[in-house]
Novice: 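Sharing a structure below in structure tokens format, with a few things to ask.
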There are 2 protein chains.
Amino acid sequence: MAASILISLNHKSYLREPESTELGRKIIAESIKMIDNLGFENFTFKKLAAKIGSTEASVYRYFENKHKLLVYLVSWYWAWVKYTITFHTHNIQDPCERLCRAIEVLTQAGQDEDPSIAYIDERILHRIVVSESSKVYHTKEVDEENKAGYFLEIKSVCSFLAKMVQDAAPEYPYPHALISTVMEATLQQIYFAKHLPTLTDIKKKEQAVEETLPFLKHLVFSAIEGNLMKIKAE
Amino acid sequence: MAASILISLNHKSYLREPESTELGRKIIAESIKMIDNLGFENFTFKKLAAKIGSTEASVYRYFENKHKLLVYLVSWYWAWVKYTITFHTHNIQDPCERLCRAIEVLTQAGQDEDPSIAYIDERILHRIVVSESSKVYHTKEVDEENKAGYFLEIKSVCSFLAKMVQDAAPEYPYPHALISTVMEATLQQIYFAKHLPTLTDIKKKEQAVEETLPFLKHLVFSAIEGNLMKIKAE
DNA sequence: CTTTTATGATAGTAATACTATTATTAATGG
DNA sequence: CCATTAATAATAGTATTACTATCATAAAAG
């Protein structure tokens, strides 16, 4: 990973750019730790302000509410994942091999020891994405927020990977559905391994990531290589 | 569908059994409508009480909080889905055909005009499950609630379908992961078709259910029929 | 050296998520 | 049929959350 990369988002879930000030970076750094510790529901701006030695009002100058902060964090995660996938696949010629590598990177994202950016701990952020990310779009305001561009980063990763599917299997009719299913499954299977093991076959929660990978690879490649005749017949 | 079936849950997310009293049934019936209209976050016991002509305190005698009410509704949904799948598959001998039928029923659950129980509108409940169900287990209390049996119904459906996968393909190593992925995808693809169409290939949101079905069928059957050799080689 | 700009300090409000108390009514049991 | 229990309604009250507003101060920019 490059020593310093710059992830920039395509929308403004924030009021003031948090990357540009000391307080902003503290808000990001500490909110990641607190959401991981307390869970999103128990996390408040008041608690955050107390922890970073600031005030509630100051935090509210950066984000309208905690939901928009979560949108920011999750968007940052997906922008970073896209960067990472691009980085690890750009010189692979064979479409199948490229897709395979992309799935590996997607599944293993957030497992690296060394962070790309000093104040963002990607391993903790990954845990937040696993536990909380579905909440960013499961709200009554989803359509307005979609219009505001809040989900551009996740959609971009989906399109990017769907394109790889199309390159590898031009006949396969559900590239986006397949990829969005896999993107969600990557997170879910890790969560299930840890909290609801009956819902998965991944046994060791310590190695959930490693065990999820062959399942997803097989799922994707059997879907796109497998008997496409069958679909057409229907 | 039978004229009157009785869905009973394996745990006590409620304080007082809501099915047994008039007020309890009103709470269930009206909360389904209100959560659908307002979204779970904007739904409160105060608003619910006002709508059914009761008081906040009375609602609290049935459910400790709105989260447990959601657990109840989602559990009811899965118990009902399991009943429905059992009903539609019990006399099918061929394992593949049985699995196929089960996936159809799973995907089409909640589309029927006629409800099984007078005060529960399954079509609205299905919309709630699509939009809100992931919130029942994405909390900091997931492990305690799992111990309390709050997720027995969804786990039961997963095990039931995973068993069908094993009957159809005894060699396939990820039956539970495959089924939990499909169960989630069933809901997600419908949600994406409606709110985030970039994440799916399902075009017409009106027929999202119908279009999701062939995608899922192909996904499952190519996974279990497809080259199992490949997995073993790894 | 003055004027923005960011932050801190403090206060305040409406809504949420409850809990407690008492009165009233309906159901049950002897 | 009366006495007891149980369920609900009515009302009040509390702690926390999710903000908004005001003003002072410190730092940075012009």
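Lettering of chains follows the sequences in order, A, B, ..., and the numbering in each one begins at 1.
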Novice: Taking the inter-plane angle between the rings of Phe40(A) and Phe43(A) on a 0 to 90° scale, is it parallel (under 30°), tilted (30 to 60°) or perpendicular (over 60°)?
Specialist: parallel
Novice: Compare all side-chain heavy atoms of Thr186(B) with those of Val182(B) and state whether any distance is below 4.5 angstrom.
Specialist: yes
Novice: Return a single string for nucleotides 9-30 of chain D, one symbol per nucleotide in 5' to 3' order, where B is base contact, S is sugar-phosphate-only contact and - is none, cutoff 4.0 angstrom on heavy atoms.
Specialist: B-------SBBBB---------
Novice: Does the ring center of His176(A) lie less than 6.0 Å from the ring center of Phe192(B)?
Specialist: no
Novice: For Arg16(A) and dT5(C), what is the distance between atoms CZ and C1' respectively, to the nearest whole Å?
Specialist: 8 Å
Novice: To the nearest 0.5 Å, what is the distance between CD1 (Ile35(A)) and OG (Ser131(A))?
Specialist: 11.0 Å
Novice: So what does Tyr62(A) touch, heavy atoms closer than 4.0 Å: a base, only the sugar-phosphate, or nothing?
Specialist: sugar-phosphate
Novice: Using atom CD1 of Ile27(B) as one end and atom C1' of dT8(D) as the other, report the distance to the nearest whole Å.
Specialist: 11 Å
Novice: Charged N to carboxylate O under 4.0 angstrom, Glu144(A) versus Lys147(A)?
Specialist: no
Novice: Can you run down the ring pair (Phe, Tyr, Trp, His ring centres under 6.0 Å) pairs that involve residues 7-30 of chain A, sequence neighbours left out, and say none if there aren't any?
Specialist: His11(A)-Tyr150(A), Tyr14(A)-Tyr72(A)
Novice: Describe, in one word, how the ring planes of Tyr77(B) and His126(B) are oriented to each other, choosing from parallel (under 30°), tilted (30 to 60°) and perpendicular (over 60°).
Specialist: tilted
Novice: Is the shortest side-chain N to carboxylate O distance from Glu41(A) to Lys135(A) below 4.0 Å?
Specialist: yes
Novice: For Glu17(A) and dT5(C), give me the distance from atom CD to atom P, rounded to whole Å.
Specialist: 17 Å
Novice: Send over the distance from Phe63(B) CZ to dA17(C) P, rounded to a whole Å.
Specialist: 16 Å
Novice: Take atom CZ of Arg25(B) and atom P of dT8(D), then tell me their distance rounded to the nearest Å.
Specialist: 11 Å
Novice: If you fit an axis to the five pairs at each end of the helix from dC1(C)-dG30(D) to dG30(C)-dC1(D), how big is the angle between those two axes, to 10 degrees?
Specialist: 20°
